[in-house]
Peer 1: 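Right, I'll just put the structure down here and ask away after.
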Amino acid sequence: MTQRDELVAIMARSSIALLSSIGFGTWAWGNKAVWGYDALRDDARLRATFRQALSSGLNLIDTADSYGTGSLNGRSEALLGDFMAELPALRRSQLMVATKLAPFPWRWGRRGFDAAFEASQTRLKGQLRRVQLHWSTARYAPWQETGLLDGLAELVLSGRVEELGLSNLGPQRLVLIHRRLLERGVSLRSVQVQCSLLAPADDQMRELIAVSRELGVEVLAYSPLAFGVLGCAPGSEERRPVTWLRQRLFQRLLPASLELRSAMQAIAIDRGASMVQVALNWCRALGTTPIPGLRTPEQARDVAAALQWSLSPQEFQRLDEARLHCSERMPANPFQSR
Ligand SMILES: NC(=O)c1ccc[n+]([C@@H]2O[C@H](COP(=O)([O-])OP(=O)(O)OC[C@H]3O[C@@H](n4cnc5c(N)ncnc54)[C@H](OP(=O)(O)O)[C@@H]3O)[C@@H](O)[C@H]2O)c1
């Protein structure tokens with residue numbers, strides 16, 4: 001079976017199993033370096049974005065205790081905590097708020113995440129329901145990960161948090177950790193990895209999706225829009241992001257993805273949808289739940305509209321062929337384990 005045949009087969013299986021949902025990510029909420037955050041300018045818009053996302057039916061929210069640059073550390077969680085506090089209790093109870101705790105070198109042992117967990121729960125005003133290990137330390141300190149995971153399992157067993165998730169790891173590590181947690185009576189809910197039409201490491205991504213399906217673990221697709229590159233229509237590339245880091249990425253990826261973005265645009269026009277919806281529905285067709293980063297109410301409305309339709313197998317195959325011609329891909333996360 002060729003790689004393309006395998007992907008089409010995965011896609012056919014996942015559309016039978018009915019398509020996954022869509023959540024949203026909040027890395028940009030407090031991040032200056034990559035996203036150019038400015039509290040005075042942005043916070044009111046982010047509140048409106050949050051409200052629009054919820055009214056459009058997006059209930060899974062991803063954040064992290066390390067989101068927010070420098071003195072703004074924890075800002076994403078704090079904004080979410082404030083915005084959730086304005087909701088009626090019933091609406092709050094319908095949300096799945098998932099944070100990621102960073103395995104910094106000074107956090108180790110079974111108690112290594114305790115203080116970080118309490119700090120996140122405080123910023124999120126008690127609404128934290130899923131804790132995810134932000135990245136695997138398997139490549140440089142495997143012993144550290146084991147102790148931290150035991151501590152996370154205890155958070156679930158003691159009822160302090162409902163669910164556990166992982167991030168930035170591959171299929172081999174997933175199988176090991178899944179087994180270790182099960183032995184302690186804790187089941188793993190999700191694993192998040194970079195997944196998009198421009199994501200690196202195709203083989204590993206495909207294997208992770210297949211293994212996760214067998215284990216019953218949901219795959220969350222992060223950076224599903226390649227930082228916004230996949231929403232740029234051919235011919236409108238002059239609209240560039242403000243930060244230097246994103247500009248550099250756009251300069252490299254826009255020309256390399258022209259054929260792919262033209263194929264996406266053709267499907268979008270046929271469907272009366274946006275290119276962003278096409279990108280997200282490719283992730284959903286693979287069986288993953290995309291968590292696009294949102295910064296405006298219009299983006300939230302657009303993203304949620306992807307839930308109204310799905311790619312046909314032919315459209316999926318057309319995108320898959322076009323992506324093989326992309327000479328450049330997104331950078332891989334340096335902590336991603338096998
Ligand atoms: N586990 C990890 O290590 C990890 C790593 C990265 C991200 N994540 C999570 O995944 C989330 C999403 O990934 P990401 O933020 O890196 O990037 P992304 O989702 O690929 O791109 C987000 C950007 O795409 C643009 N966009 C979103 N909706 C749009 C729409 N409807 N129309 C046009 N443009 C739209 C926006 O750019 P503009 O606002 O500039 O228009 C937005 O800021 C993060 O927020 C975070 O929660 C996790």
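Counting convention: from 1, in listed order, for ligands and their atoms alike.
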Peer 1: Measure the distance from atom 37 (O) of ligand 1 to every protein heavy atom, then report the residue, atom name and distance (to 0.1 Å) of the closest one.
Peer 2: Arg246 NH2, 3.2 Å

Peer 1: Quick one: look up the protein heavy atom nearest atom 11 (C) of ligand 1 and list residue, atom name and how far away it is.
Peer 2: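 Looking only at protein heavy atoms, the one closest to atom 11 (C) of ligand 1 is Ile291 O, 3.1 Å.
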
Peer 1: Quick one: do Trp106 and Phe104 satisfy ring pair (Phe, Tyr, Trp, His ring centres under 6.0 Å)? Show the steps, please.
Peer 2: CA-CA 6 Å; Trp106 55 90; Phe104 294 129; 4.8 Å; yes

Peer 1: Any atoms of ligand 1 less than 4.0 Å from a non-hydrogen atom of Asp302? List them with their elements.
Peer 2: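 Selected atoms, number and element: 30 (C), 31 (N), 32 (N).
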
Peer 1: If we only count N/O pairs under 3.5 Å, is Gly293 in contact with ligand 1?
Peer 2: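 Yes, at least one N or O pair falls under 3.5 Å.
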
Peer 1: Look at Glu86 together with Arg51 and state whether they make a salt bridge at an N to O cut-off of under 4.0 Å.
Peer 2: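 The answer is yes: the pair qualifies as a salt bridge.
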
Peer 1: Check this for me, if you would: do Glu154 and Arg111 make a salt bridge, where the nitrogen-to-carboxylate-oxygen distance has to be below 4.0 angstrom?
Peer 2: yes

Peer 1: Check ligand 1 against Ala226 and write out every atom of the ligand that is under 4.0 Å from a heavy-atom position of the residue.
Peer 2: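 So the answer, numbered in order with elements, is 20 (O).
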
Peer 1: Would you call Arg107-Asp65 a salt bridge at under 4.0 Å N-O?
Peer 2: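 The answer is yes: the pair qualifies as a salt bridge.
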
Peer 1: Under a 4.0 Å heavy-atom limit, does Trp35 contact ligand 1 with its side chain, its backbone, both, or neither?
Peer 2: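 Near ligand 1, Trp35 shows its side chain, while the N, CA, C and O stay back.
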
Peer 1: Got the closest protein heavy atom to atom 36 (C) of ligand 1, with its distance?
Peer 2: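 Result for atom 36 (C) of ligand 1: Gln299 NE2, 3.4 Å.
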
Peer 1: Side chain, backbone, both or neither: which part of Gln192 has a heavy atom under 4.0 Å from ligand 1?
Peer 2: side chain

Peer 1: For the residue pair Arg252 and Pro331, what are the closest heavy atoms and their distance?
Peer 2: NH2-CD, 3.6 Å

Peer 1: Using the side-chain contact (heavy atoms from CB on, under 4.5 Å) definition, which of the options Val217, Leu215, Leu182 pairs with Leu188?
Peer 2: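 It is Val217, the one option of Val217, Leu215, Leu182 that forms the side-chain contact (heavy atoms from CB on, under 4.5 Å) with Leu188.
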
Peer 1: With the threshold set at 4.0 Å, does a side-chain nitrogen-carboxylate oxygen contact exist between Arg189 and Glu218?
Peer 2: yes

Peer 1: Side chains of Phe316 and Leu286: does their closest heavy-atom pair fall under 4.5 Å?
Peer 2: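 Result yes, sub-4.5 Å side-chain heavy-atom pair found.
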
Peer 1: Is there a side-chain contact between Phe50 and Phe24 (heavy atoms, below 4.5 Å)?
Peer 2: yes

Peer 1: Among the heavy atoms of Pro224, does any lie under 4.0 Å from an atom of ligand 1?
Peer 2: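 The answer is yes: ligand 1 sits under 4.0 Å from a heavy atom of Pro224.
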
Peer 1: Using a 6.0 Å cut-off, check whether atom CH2 of Trp135 has over 12 heavy atoms from anything other than its own residue.
Peer 2: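 Check passes, neighbour count above 12.
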
Peer 1: Out of Ala233, Ser223, Cys232, who is nearest to atom 13 (O) of ligand 1 when you count heavy atoms only?
Peer 2: Ser223

Peer 1: Among all the protein's non-hydrogen atoms, which is closest to atom 25 (C) of ligand 1, and how far away is it?
Peer 2: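 Heavy-atom neighbour on the protein nearest atom 25 (C) of ligand 1: Gly228 CA, 4.0 Å.
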
Peer 1: So which heavy atom in the protein is nearest atom 44 (C) of ligand 1, and how far is it from that ligand atom?
Peer 2: Trp27 CB, 3.6 Å

Peer 1: Between Asp62 and Gln132, do the side chains contain a donor N or O and an acceptor N or O under 3.5 Å apart?
Peer 2: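 Yes, because at least one side-chain N or O of Gln132 sits under 3.5 Å from a partner of the opposite role on Asp62.
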
Peer 1: Does Tyr67 have a non-hydrogen atom less than 4.0 Å from ligand 1?
Peer 2: yes

Peer 1: Using a strict 4.0 Å threshold on nitrogen-to-oxygen distance, state whether Asp38 and Lys32 make a salt bridge.
Peer 2: no

Peer 1: So is there a nitrogen or oxygen of Phe227 less than 3.5 Å from a nitrogen or oxygen in ligand 1?
Peer 2: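 Yes, since at least one N or O of Phe227 sits under 3.5 Å from an N or O of ligand 1.
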
Peer 1: Under the side-chain hydrogen bond (donor to acceptor under 3.5 Å, both in side chains) rule, what do Gln251 and Arg248 come out as? Steps first, then yes or no, please.
Peer 2: CA-CA 5 Å; Gln251 269 161 16; Arg248 288 277 307 245; 5.0 Å; no

Peer 1: Judged by non-hydrogen atoms, does Pro241 sit under 4.0 Å from ligand 1?
Peer 2: no

Peer 1: For Leu225 and ligand 1, does the shortest N/O to N/O distance drop below 3.5 Å?
Peer 2: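 Yes, since at least one N or O of Leu225 sits under 3.5 Å from an N or O of ligand 1.
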
Peer 1: Out of all atoms in ligand 1, which are within 4.0 Å of some heavy atom of Asn333? Include the element for each.
Peer 2: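 The list of qualifying atoms is 3 (O).
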
Peer 1: Geometry only, no angles: is Pro292 polar-contacting ligand 1 at N/O separations under 3.5 Å?
Peer 2: no

Peer 1: Under a 4.0 angstrom heavy-atom cut-off, which atoms of ligand 1 come close to Asn168?
Peer 2: 1 (N), 2 (C), 3 (O)

Peer 1: Is a salt bridge present between Arg180 and Glu145, judged by a nitrogen-to-oxygen distance below 4.0 Å?
Peer 2: no

Peer 1: Heavy atom under 4.0 Å from ligand 1: found in Ser167's side chain, backbone, both, or neither?
Peer 2: side chain

Peer 1: Considering only non-hydrogen protein atoms, determine which one is nearest to atom 6 (C) of ligand 1 and report residue, atom name and distance to 0.1 Å.
Peer 2: Tyr222 CD1, 3.3 Å

Peer 1: With respect to atom 32 (N) of ligand 1, which of Val276, Thr49, Thr99 exhibits the smallest heavy-atom separation?
Peer 2: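 The option holding the nearest heavy atom is Val276.
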
Peer 1: Heavy-atom contacts with Lys100 under 4.0 Å: which atoms of ligand 1 show up? List them by number with element.
Peer 2: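 Those of ligand 1 that fall under 4.0 Å from Lys100 are 1 (N).
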
Peer 1: With a 4.0 Å cut-off on heavy atoms, is Phe335 in contact with ligand 1?
Peer 2: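 It does not; every heavy atom stays at 4.0 Å or beyond.
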
Peer 1: Determine whether the aromatic ring centres of residues Phe227 and Trp27 are separated by less than 6.0 angstrom.
Peer 2: yes

Peer 1: Would Ser223 and Gln194 satisfy side-chain hydrogen bond (donor to acceptor under 3.5 Å, both in side chains), going step by step from the backbone distance to the final call?
Peer 2: CA-CA 6 Å; Ser223 304; Gln194 187 181 166; 5.3 Å; no

Peer 1: Can you name the atoms of ligand 1, numbered from 1 with element, that are less than 4.0 Å from a heavy atom of Asp62?
Peer 2: 9 (C), 46 (C), 47 (O)

Peer 1: Compute the minimum heavy-atom distance from Arg301 to ligand 1 and say whether it is under 4.0 Å.
Peer 2: no

Peer 1: Quick one: does Arg295 get an N or O within less than 3.5 Å of an N or O on ligand 1?
Peer 2: yes

